[in-house]
K.L.:
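I am attaching a structure below and will ask some questions about it afterwards.
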Amino acid sequence: LDEVQALQRYYVAQEWGRVSVQRSGLQAEYRTLGTPSLADTWTPEMDMALVKGSPVVLSDFGSEEAGEDGRGNEWRDSTEALQPQAALVVPIKLQDEVIGVLDLQELDEKREWTQEEVEMATTVADQLALALENARLVEETQRRARQLEAASAVARDATAILDVEQLLNETIGLISERFGFYRAGAFLIDDQGEYAVMQAASSDGGKRMLARNHRLKIGEVGIVGYV
């Protein structure tokens, strides 16, 4: 069971790490009517919640406790923009892996967050985690379906071409277009079995390399050479 849970945590970390790379800055903000956006959308207490993996409760940013946690008067005085007075930050977790944070802020005055509020925010974060994972799974399923459709189209179109040079060029073009790759290329081994010689390319840079008869020493140069 421990191994299964560890594998699940690894999978969640890998997949959401990929999402964060593809969609850097992914976030949403809600504020009451007439309230301007905060100066900082990412705050020190959000970092704390990510590291700790548990709720961070700050009732007064002007207090000594808030200062020790990375906020306080020195931080607040560094900008004239609107700043919160108190915050409750709850990690968004899947399989005990933190994939984000839910940040609640009080602008008007310091606030003593109750245990009930902390538990409610935690419950909301748990439900949000499930909703986000469901959305990611649907998106991943759609992406794989598009890839399978593209692979089928590439195979179907390729079988209709008999000329080797045309086949390689058409196949590389289809792969680049259908899969959304900026660069795709095809290499064939020369008669002596010493070099992988470029035969087709989709990008402008690849085509310039093709014009120079680009080749890679097998087992010595580049990923292609080692493959």
Side-chain angles (χ1 to χ4, degrees), residues 6-29 37 40-42 46-47 50 92-95 97-101 128-227:
L7 182 60
Q8 289 176 327
R9 288 194 298 270
Y10 175 80
Y11 171 76
V12 168
Q14 288 289 104
E15 290 302 308
W16 279 98
R18 181 178 59 81
V19 171
S20 66
V21 170
Q22 294 176 343
R23 298 184 177 182
S24 59
L26 183 62
Q27 61 183 2
E29 180 184 21
S37 181
D40 295 276
T41 56
W42 190 263
M46 294 167 77
D47 274 327
L50 280 177
I92 301 172
K93 301 169 72 174
L94 276 170
Q95 302 293 338
E97 284 292 327
V98 180
I99 64 171
V101 293
L128 180 57
L130 293 175
L132 287 170
E133 178 67 355
N134 287 337
R136 187 194 66 79
L137 290 173
V138 169
E139 188 175 89
E140 177 69 11
T141 299
Q142 293 173 340
R143 184 181 70 85
R144 289 183 181 276
R146 290 193 298 269
Q147 287 183 338
L148 288 173
E149 181 182 357
S152 176
V154 168
R156 182 181 62 249
D157 293 346
T159 56
I161 303 172
L162 300 179
D163 180 74
V164 174
E165 182 177 352
Q166 182 186 0
L167 172 62
L168 290 172
N169 284 321
E170 292 287 342
T171 300
I172 290 302
L174 284 170
I175 290 173
S176 181
E177 176 187 349
R178 297 298 183 92
F179 286 88
F181 295 141
Y182 166 71
R183 178 178 297 171
F187 289 75
L188 294 179
I189 307 301
D190 66 6
D191 293 338
Q192 290 73 38
E194 296 180 0
Y195 291 91
V197 183
M198 178 176 280
Q199 303 291 329
S202 62
S203 66
D204 292 337
K207 291 176 180 178
R208 288 193 294 270
M209 294 168 67
L210 184 63
R212 298 196 301 267
N213 296 318
H214 181 65
R215 62 180 187 171
L216 298 170
K217 183 72 172 178
I218 294 176
E220 296 183 11
V221 181
I223 296 176
V224 172
Y226 280 102
V227 172

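Note that the structure is a prediction, hence the values are computed from the model and not measured.
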K.L.:
When you compare the side chain of Asn213 with that of Val197, does any pair of heavy atoms fall below 4.5 Å?
P.N.:
no
K.L.:
Distance from Glu170 atom CD to Ile175 atom CD1, nearest 0.5 Å?
P.N.:
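Answer for the CD-CD1 pair, Glu170 versus Ile175, is 11.5 Å.
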K.L.:
For Glu97, enumerate each residue passing the side-chain hydrogen bond (donor to acceptor under 3.5 Å, both in side chains) test, keeping only those at least two apart in sequence or located in another chain.
P.N.:
none
K.L.:
Counting distance only, does the side-chain N/O of Ser202 pair as donor-acceptor with the main-chain N or O of Ala184 below 3.5 Å?
P.N.:
yes
K.L.:
So, do Gln199 and Phe187 sit near enough that their side-chain heavy atoms are less than 4.5 Å apart?
P.N.:
no
K.L.:
Measure the CZ-CE distance between Arg212 and Met198 for me, rounded to the nearest 0.5 Å.
P.N.:
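Arg212 atom CZ to Met198 atom CE measures 9.0 Å (nearest 0.5 Å).
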K.L.:
Just list the side-chain donor-acceptor pairs under 3.5 Å for residues 161-169, sequence neighbours left out, or say none.
P.N.:
residue	atom	partner	partner atom	Å
Asp163	OD2	Glu165	N	3.3
Asp163	OD2	Gln166	N	2.9
Asn169	ND2	Glu165	O	3.2

K.L.:
Any idea which heavy atoms bring Ala200 and Ile172 closest together, and the distance?
P.N.:
CB-CG1, 3.9 Å
K.L.:
About how many Å separate CD1 of Ile189 and CD1 of Ile218, when rounded to the nearest 0.5 Å?
P.N.:
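Here the interatomic distance stands at 3.5 Å.
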K.L.:
Between Arg136 and Glu133, does at least one N-O distance fall below 4.0 Å, as a salt bridge requires?
P.N.:
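Salt bridge between Arg136 and Glu133, a charged N being under 4.0 Å from a carboxylate O: yes.
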K.L.:
Please find the pair of heavy atoms, one from Lys93 and one from Ala129, that lie closest to each other, and give the distance.
P.N.:
O-CB, 3.3 Å
K.L.:
Check Leu216 against His214 and note the closest heavy-atom contact, atom names and distance.
P.N.:
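Nearest pair, atom of Leu216 first, then His214: CD2-NE2, 3.7 Å.
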K.L.:
Which residues pass the side-chain hydrogen bond (donor to acceptor under 3.5 Å, both in side chains) test with Arg144, sequence neighbours left out?
P.N.:
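Here the qualifying residues are Glu140.
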